[in-house]
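Okay, structure first, notes after.
Predicted, not measured: the structure shown is a model, and the values here were computed from it. Atoms within a ligand are numbered from 1 in the order they appear, just like the ligands themselves.
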Amino acid sequence: MTNPKWTFGLIGHPVEHSFSPYLHATALEACAFVGEYQLFPAPDEQSLQTQLNQMREGRIHGLNITIPWKESILNYLDQVSDTVKEVGAVNTVYSREGQLIGENTDVPGFKEDILTFLSSHPASQTKQALVLGAGGAARAAAFALCQLGWRVTIAARRISQAQKIQVDFKALKQPLQAIELSASSLAVQLPNLLVNATPVGMAPICDESPWPEGLPLPRNAMVYDLIYNPPMTPLLSTAHVLGLPTKNGAGMLVSQAAASFTLWTGRMPPKDKLVSAMSDALKEYQRRKK
Ligand code: NAP
């Protein structure tokens, strides 16, 4: 696939905090492509449609989608992948013969990174995961875990949101449980993998944990936080002090970005370069914050 100048971007609200521009600039350079990755703030559906029209007209070659459009964008696409049909959320749009197609690269991105995490800390035979949050990222994580044979419980502050995922995923082999994200419901859970898929602990409000105050963390859990900025969230910090294995979402971000870039350009960028760009961008963010 040849293209004189690639234009990619991120649609959402807010988008200013995103590290995707660094990752995709690195991918473009590593593949010797000319192009740019822009941020397209879309506070309303009209702005979302404007960017999608730009893509239909060939002025944009690839889009990532973030909060709050991952689910409602389904109404504006021509086709979606089987993964999107099952997960119900889109994070990548690419174009084939004038058709806009929705994909979810958070699923393989999460799966790849969680497998790396699990392989470095051999777990017990039990595969019981507890996912906090019930938005787009929680759907992707829960779906990936079910595919990997985990039994998954989703805890949400609005239990109806977790129950909706339970209904949407009813065709999966592993049945999903839905509970309220509250101290009393979490106290009786015994997961060996805890995943934070809420934004609680994310910059710029990085001093909060999604885990209820005063409730001990599950004793034998590995703890994965989808947040990558800051690299050590209050949840990960508490887990680390207790000696529990921890990992943040930087690896997932890199893997999902590499998968999106490959859909847009047909080329897989070198992941080691993306990992190092991510690490530099985080250091720069921390330096500016001081
Ligand atoms: P989302 O669709 O807005 O969902 C967020 C979920 O968290 C919702 O269930 C929301 O419940 C819940 N939540 C928000 N504030 C909460 C609070 N104070 N207490 C308890 N629950 C709360 O967002 P998302 O796209 O799933 O993203 C979630 C997080 O994952 C973000 O931090 C995002 O940056 C991160 N993420 C990381 C990657 C990666 O590659 N590492 C990829 C995707 C997402 P309500 O609906 O009731 O607010």
Side-chain angles (χ1 to χ4, degrees), residues 10-20 22-24 64-74 87-92 103-114 116-117 130-144 153-166 168 178-183 185-186 194-213 215 224-231 233-236 246-261 271 274-275 278-279 281-282 285:
L10 173 67
I11 303 184
H13 185 68
V15 286
E16 294 72 24
H17 64 282
S18 174
F19 281 64
S20 294
Y22 302 105
L23 291 176
H24 288 285
N64 282 133
I65 313 300
T66 189
I67 300 170
W69 304 118
K70 281 186 171 179
E71 293 165 42
S72 43
I73 195 171
L74 283 161
V87 175
V90 170
N91 82 326
T92 302
E103 181 54 279
N104 191 316
T105 65
D106 281 340
V107 174
F110 175 81
K111 205 189 267 184
E112 190 175 317
D113 206 38
I114 206 78
T116 305
F117 186 35
L130 174 60
V131 176
L132 308 180
R139 277 177 177 266
F143 184 77
T153 298
I154 300 198
R157 60 179 173 181
R158 289 181 293 125
I159 192 169
S160 58
Q161 202 185 23
Q163 286 165 337
K164 172 86 170 55
I165 302 183
Q166 193 179 30
D168 292 350
I179 62 167
E180 196 186 335
L181 204 173
S182 67
S185 303
L186 295 176
L194 173 64
V195 176
N196 176 35
T198 78
V200 184
M202 184 170 75
I205 307 160
C206 358
D207 55 355
E208 287 176 28
S209 169
W211 193 257
E213 210 179 327
L215 181 69
Y224 186 96
D225 200 327
L226 267 76
I227 295 171
Y228 50 86
N229 184 21
T233 60
L235 174 67
L236 291 184
T246 60
K247 195 172 198 312
N248 70 30
M252 174 181 172
L253 188 79
V254 164
S255 291
Q256 64 77 30
S260 299
F261 188 88
K271 281 213 195 137
L274 301 197
V275 169
M278 181 74 194
S279 158
L282 275 167
Y285 179 92

Checking N91 against T105: is there a side-chain donor and acceptor pair closer than 3.5 Å?
yes

Identify, by atom number and element, the atoms of ligand 1 in contact range of [X], meaning under 4.0 Å from any of its heavy atoms.
X	value
G249	39 (C), 41 (N)
D106	42 (C), 43 (C)
G136	2 (O), 26 (O)

Evaluate K271 against E112 for salt bridge (charged side-chain N to carboxylate O under 4.0 Å, His left out), listing each step before the verdict.
CA-CA 12 Å; K271 281 213 195 137; E112 190 175 317; 2.5 Å; yes

Could you tell me if any non-hydrogen atom of P210 lies under 4.0 Å from any atom of ligand 1?
no

Would you call A156 a ligand 1 contact, heavy-atom distance under 4.0 Å?
no

Is it the side chain, the backbone, both or neither of [X] that has a heavy atom closer than 4.0 Å to ligand 1?
X	value
L132	neither
I67	side chain
E208	neither
Y228	side chain
V200	side chain

Identify the closest protein heavy atom to [atom]: which residue and atom is it, and at what distance?
atom	result
atom 4 (O) of ligand 1	G135 CA, 3.3 Å
atom 28 (C) of ligand 1	A197 O, 3.3 Å
atom 44 (C) of ligand 1	A137 CB, 3.6 Å
atom 10 (C) of ligand 1	Q161 OE1, 4.2 Å
atom 35 (C) of ligand 1	L226 CB, 4.1 Å
atom 48 (O) of ligand 1	R157 NH2, 2.7 Å
atom 14 (C) of ligand 1	P199 CD, 3.4 Å

Only heavy atoms count here, so choose which of M202, R158, K70 is nearest to atom 43 (C) of ligand 1.
K70

Can you tell which of N229, T233, I65, T198 gets a heavy atom nearest to atom 29 (C) of ligand 1?
T198

Exactly one candidate in K70, K111, R139 meets salt bridge (charged side-chain N to carboxylate O under 4.0 Å, His left out) with D106; the answer is K70

Answer yes or no: is there a donor N or O on one side and an acceptor on the other, between the side chain of N248 and the main chain of I227, under 3.5 Å?
no

For the backbone of L10 and the side chain of N64, can you confirm whether one donor and one acceptor N or O come within less than 3.5 Å of each other?
no

Is there a side-chain contact between [X] and [Y], using heavy atoms and a 4.5 Å cut-off?
X	Y	result
M278	L274	no
Y224	T246	no
N196	L236	no
I154	Q166	no
N104	F143	no

Check whether any N or O atom of I227, backbone or side chain, sits under 3.5 Å from an N or O atom of ligand 1, and answer yes or no.
no

Ignoring hydrogens, what is the shortest heavy-atom contact between S182 and P212? Give both atom names and the distance.
C-CG, 4.1 Å

Over 60° means perpendicular and under 30° means parallel, so tell me whether Y228 and F19 are parallel, tilted or perpendicular.
perpendicular

